[in-house]
Structures are given as C-alpha cells and as structure tokens.
Asks: 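The structure under discussion is supplied below as structure tokens; questions concerning it will follow.
Counting starts at 1 for both ligands and their atoms, in listed order.
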Amino acid sequence: MKEPVGTRGLILNEPFLWERGGKGRTGYSLPRPDVDPAPLPEDLAGDGPDFPDLSEVELVRHYTRLSTWNYGVDSGMYPLGSCTMKYNPKTNERQASLPGFTGAHPLVPSELCQGALELIYELEHSLAHVAGLDAASVQPSAGAQGELAGMLIFAAYHRDQGKARSKILIPDTAHGTNPASAALCGFKAVSVATGPDGVLVPEAVEALMDEDTAGIMVTNPNTLGLFETNIQAIADIVHAKDGLVYADGANLNAVMGVVDFGRAGVDVLHINLHKTFSTPHGGGGPGSGPVCVVKRLEPFLPAPRVVKSGDGYALSEDFPKSIGKLHAFYGNFGIMVRAYSYIRTMGNKLKDVSQHAVLNANYIKEKLKDVYHLPFDVPCMHECVFSDKHQEKYKVTTLDVAKRLIDYGFHPPTIYFPLVVHGAIMIEPTESESRENIDQFIATMRQIAKEAQEDPALLQEAPRNPKVRRMDETQAARKPCLRG
Ligand SMILES: *Cc1c(COP(=O)(O)O)cnc(C)c1O
C-alpha cells in the first residue's frame with residue numbers, strides 16, 4: 001500500500017486562549033486619547049471582564065491552528081453515504097459573493113431586485129426540469145423542510161378534494177426525516193417492508209394502500225443505493241385509490257438527466273441543493289430543499305412565489321390554495337445563487353455527473369465485496385452498502401473500521417444506516433473523486449479488513465493518530481460536559 005494520506009508530522013497542540021498570553025499584552029494599538037479618561041460607571045467597575053491578554057499574532061495563530069483541525073471535502077475524500085459530500089466548485093462561491101447579491105435587502109421593492117427574482121424564477125424552472133416535474137418552490141431551507149412542504153401539500157390536496165386522509169406509506173429503508181415530516185402534518189406513518197432485493201415490491205404497497213391513505217413517500221434511489229425499479233407500478237396502485245406519490249429526491253445526484261420523475265408517476269419531489277447541486281452543507285449552515293410538483297399540485301406550493309409578466313418579475317401572494325409561507329422572506333438566497341451557478345456552468349453535463357457518481361460507487365462495490373459483506377449484490381446507484389458480518393468473528397465492528405479509516409486520513413463513511421442492514425457501512429464516493437483517490441480508499445479498506453483478521457486490537461483501539469482518540473460514547477451520553 002502507498003503512504004497513507006493522514007497527517008503525522010505537525011499536529012499542533014492548542015491550549016485555551018486563557019492559558020496563553022501574558023498580563024498587559026494587547027492585540028491592537030489605538031491612538032493616544034485626546035480627551036480626559038472618565039471613570040467607568042459603578043456597575044461596570046471592578047476587575048472588568050475576564051478576557052485573556054494576547055498579542056495579535058497569538059490570536060491569529062490560535063484560530064488558524066484550530067481551523068486546520070477541521071476536515072472537509074476541500075481537505076480530502078469524504079465518502080459519507082446519503083450525504084453527497086461532493087466538491088463545491090469555487091466559481092459558485094464567487095457568483096454568490098457578487099455585491100449585487102450579497103447586498104440585496106429582502107425588503108427592496110421588486111423593481112430594484114429584478115436580477116435576484118429572475119435567478120429564483122430560473123432556478124425553480126431548471127430544478128423542475130431536471131426532476132421531470134412542472135413547478136417548484138425554493139422556499140424550504142432543508143430536505144426535511146421540503147418533505148414537510150410535500151406533506152402539507154398532500155394534506156391540502158386531499159382537503160381540497162373534500163376527503164381528509166390519515167395515513168402515509170413509508171418504506172422501512174427511509175431516512176428518519178420521512179416519518180417525522182409525515183407525523184408533523186398529523187399523518188400516521190405506516191411502514192412498508194422492503195422486498196428481498198432491497199427494493200419495494202408492488203404487492204406490499206397494494207396490501208396496505210386504502211382510501212384512508214394520503215399516499216406514499218419513496219426515496220429513489222433508496223437509502224440502500226438501489227433504484228426503486230417498481231416505482232411506476234407502485235404509483236399506479238397509489239393513484240388508483242386517489243393517493244399521491246412523494247419522492248424523497250435527496251439522492252438525485254445519481255439520476256440527474258437520466259430519470260424523469262413525472263413519467264415515473266411521482267407527484268411531489270424534494271431536492272437537496274446542499275447535496276446534489278454542489279452547495280456547502282454541514283455544521284448546521286444554511287441549506288435549501290426545494291420542492292417540485294406536477295401541474296395539478298402547483299396551486300398548493302408555498303407562497304409568495306416569483307411570477308413573470310410583461311413588466312418583468314414580481315413576488316405574488318395570489319395563490320389562495322397555497323400552504324403558505326415556510327421561511328422568512330424567500331428561502332436561503334445565497335445557496336440558490338450557488339446552485340444556479342452550478343447548473344449554468346454544468347449544463348448538459350449534469351448527466352455525466354450522475355453517471356460518474358454511479359460508476360465510482362459500483363467500482364468500490366466490486367473491489368471490496370470479497371472482503372466486506374455485501375447484503376445486496378446487485379448494481380448500485382451512487383452509493384453502496386456493506387456490513388461488518390465478515391469481521392464479526394474477529395470481534396471487529398463497523399465502528400472499529402470507521403475509526404481505523406481516520407488513522408489513514410479518510411473521513412469515515414456513514415455507519416449503522418440504513419437500519420435494515422445490521423452493522424451497515426454506507427459508502428458514497430461522489431463524482432468528485434479521481435481514480436487514484438478511490439483506489440487509495442479501496443486499498444485502505446482492504447488493509448483494514450486484513451488488520452481485522454491479523455491484529456483486531458489495531459482497530460478496536462483506533463483511532464491512534466489524531467489528537468482526539470476514541471470517544472467514550474456511553475459517558476458522553478450519560479454525563480455530557482456542556483461547559484467546555
Ligand atoms: C439528507 C437526507 C434527508 C434530509 O435532508 P436535510 O437537508 O438534511 O434535511 C432526507 N432524506 C434522505 C434520503 C437524505 O439523504
């Protein structure tokens with residue numbers, strides 16, 4: 001194996017700011033005051049706040065060093081299944097920081113922000129087009145909020161039909177946000193068991209679909225990284241009882257320009273711009289989860305909406321059937337600019353993105369399946385799911401494998417999800433990684449499988465190289481230290 005990419009040399013210690021510096025040091029120099037000093041008010045007098053005394057360089061080094069402890073897609077491969085941690089091209093950042101966008105106040109009148117409104121309008125149309133649906137709203141600020149929008153639309157549609165319905169069908173492979181979103185809207189989530197090949201079978205849906213069921217929420221491709229091949233037949237079953245079909249499109253990265261969700265029978269779909277459309281995510285930062293719909297559900301989309309007329313673009317509240325407002329102003333605009341820039345720079349190449357993402361995942365699957373258990377040995381989409389079954393006899397678990405990857409300089413994949421696979425290891429390389437990086441990852445995973453067999457302690461005690469060793473997760477949950 002080649003030299004690992006992990007850091008071994010300059011791993012710098014970093015004390016708290018209070019442990020640094022010395023009395024009287026300052027990080028600034030102000031001009032000599034030309035007025036007489038006045039005493040502080042009584043309640044502010046005393047020793048003053050407990051701020052450390054530091055020079056400028058001490059402060060800069062402190063934060064710069066801390067910033068190097070962070071790991072992101074700009075530092076290395078981040079194969080976190082389900083999350084699509086792909087590279088965000090820097091040109092998108094550049095467009096998002098254009099002063100016309102960053103300085104646009106959300107309360108300026110429409111005639112003074114035509115560019116921003118046009119961007120929202122064009123982005124909504126492009127996203128609907130990629131999905132194969134008719135209209136979209138970029139208001140929701142995350143995938144989960146897109147799901148909530150979708151469920152509110154389901155409820156509004158059925159109310160409009162004069163029939164309240166109480167249940168939603170959700171496959172057992174679903175992301176936890178799916179049943180949560182349904183429950184927030186007052187629906188009861190009914191679990192549908194996945195078939196033997198890891199995908200839904202129409203018979204299972206047929207058995208559960210009734211006139212009290214508002215519809216189904218299907219993640220496609222699903223969280224096992226498999227395409228729900230029976231989606232059309234399932235949609236027919238649901239539609240026959242006047243139900244609606246929701247697609248969780250968080251995995252759209254696998255099927256852009258390939259799958260037409262409208263033709264597959266999907267009525268509502270959410271997209272995660274912070275996954276598929278190359279905008280930053282993680283760390284609780286702003287995201288965007290646009291919701292796309294077929295024509296007959298367009299009246300229910302969140303309002304206000306950007307409309308186009310002879311005079312240009314305007315915001316309209318004139319949608320009496322709308323589910324209303326989901327976000328302050330119009331959503332996370334900076335994220336929209338990045339996604340729009342990504343779509344415009346990629347054009348038809350969005351299809352190549354998906355094809356490469358799928359190719360990379362299948363390559364990893366084929367190269368590792370002799371050493372890690374592959375529960376569903378079929379072609380996958382943009383991610384593949386292994387388990388720790390082969391390592392069980394050495395008392396090595398998925399968690400140990402994940403921690404050992406850190407020693408070799410890789411961010412671990414998603415683990416223990418989806419829940420239907422015991423000890424799941426879910427790998428999503430994305431299209432961003434080169435053949436060399438992927439080969440290095442494969443070699444590392446194979447090395448770890450070998451270590452599990454020959455020296456399990458290496459894994460059980462991992463990670464050894466980073467500053468922070470393995471957390472005691474039980475202690476952390478039982479006795480959380482919240483004061484830092
Ligand atoms: C990420 C994800 C979500 C939730 O999206 P957020 O933007 O994190 O709220 C929902 N479903 C699936 C399948 C996902 O991968």
Asks: Is it the side chain (CB and beyond), the backbone, both or neither of Ser82 that lies under 4.0 Å from ligand 1, heavy atoms counted?
Replies: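 Both of them.
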Asks: Looking only at protein heavy atoms, which one is nearest to atom 9 (O) of ligand 1, and how far off is it?
Replies: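 Looking at atom 9 (O) of ligand 1, the protein heavy atom closest to it is Ala144 N, 2.8 Å.
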Asks: Aromatic rings His270 and Tyr246: how do their planes relate, parallel, tilted or perpendicular, breaks at 30° and 60°?
Replies: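 Ring orientation, 0 to 90° scale: tilted.
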Asks: Give the residue and atom name of whichever protein heavy atom lies nearest to atom 8 (O) of ligand 1, and the separation in Å to one decimal.
Replies: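 The answer is His274 NE2, 4.4 Å.
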Asks: Between Asn253 and Glu431, does any side-chain donor sit less than 3.5 Å from a side-chain acceptor?
Replies: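 A pair is found: one side chain offers a donor N or O, the other an acceptor, under 3.5 Å apart.
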Asks: Under a plain distance cut-off of 3.5 Å, with no hydrogens placed, do Ser126 and Glu122 share a side-chain donor-acceptor pair?
Replies: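 There is no such pair (donor and acceptor under 3.5 Å, judged by atom type) between the side chains of Glu122 and Ser126.
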Asks: Classify the contact between Gln145 and ligand 1 as side chain, backbone, both or neither, using a heavy-atom distance cut-off of under 4.0 Å.
Replies: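 It is neither; nothing of Gln145 touches ligand 1.
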Asks: Which atoms from ligand 1 have a heavy atom of Thr219 less than 4.0 Å away?
Replies: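 Listed by number with element, the hits are 13 (C).
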Asks: Please compare Thr173, Asn253, Asp248, Asn178 and report which has the shortest non-hydrogen distance to atom 11 (N) of ligand 1.
Replies: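 Answer by nearest heavy atom: Asp248.
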Asks: Relative to the heavy atoms of Glu147, which atoms of ligand 1 are at a distance of less than 4.0 Å?
Replies: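 Those atoms are 10 (C), 11 (N).
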Asks: Please confirm whether His281 approaches ligand 1 to less than 4.0 Å, judged on its heavy atoms.
Replies: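 Flag not set, His281 not near ligand 1.
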Asks: In a check of side-chain hydrogen bond (donor to acceptor under 3.5 Å, both in side chains) between Thr84 and each of His382, Glu428, His274, which one passes?
Replies: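 With Thr84 as partner, His382, Glu428, His274 yield a single side-chain hydrogen bond (donor to acceptor under 3.5 Å, both in side chains), made by Glu428.
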Asks: Does any non-hydrogen side-chain atom of Leu252 lie less than 4.5 Å from one of Phe261?
Replies: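 Yes. Closest side-chain heavy atoms under 4.5 Å.
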Asks: Numbering the atoms of ligand 1 from 1, which are under 4.0 Å from a heavy atom of Ala250?
Replies: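 Checking each atom against Ala250, I get 2 (C), 11 (N), 12 (C), 13 (C), 14 (C), 15 (O).
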Asks: May I ask you to decide whether Lys241 forms a salt bridge with Asp210, counting only side-chain N to carboxylate O separations under 4.0 Å?
Replies: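 Result for this pair is no, no salt bridge flagged.
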Asks: Of all the non-hydrogen atoms in the protein, which one sits nearest to atom 5 (O) of ligand 1, and at what distance?
Replies: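 The closest one turns out to be Asn272 ND2, 3.0 Å.
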Asks: Measuring from atom 1 (C) of ligand 1, which candidate in Lys275, His175, Glu383 has the nearest non-hydrogen atom?
Replies: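 Among Lys275, His175, Glu383, the closest heavy atom to atom 1 (C) of ligand 1 belongs to Lys275.
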Asks: When you check the side-chain N and O atoms of Asp388 and Thr397, is any donor under 3.5 Å from an acceptor?
Replies: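 Asp388 vs Thr397: no donor-acceptor pair found between side chains.
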Asks: Check whether the side chains of His239 and Asp267 place a donor and an acceptor atom closer than 3.5 Å, and report yes or no.
Replies: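 Yes.
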Asks: Among all protein non-hydrogen atoms, which one is nearest to atom 6 (P) of ligand 1, and what is the separation to 0.1 Å?
Replies: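 Going atom by atom, the protein heavy atom closest to atom 6 (P) of ligand 1 ends up being Gly143 N, 3.4 Å.
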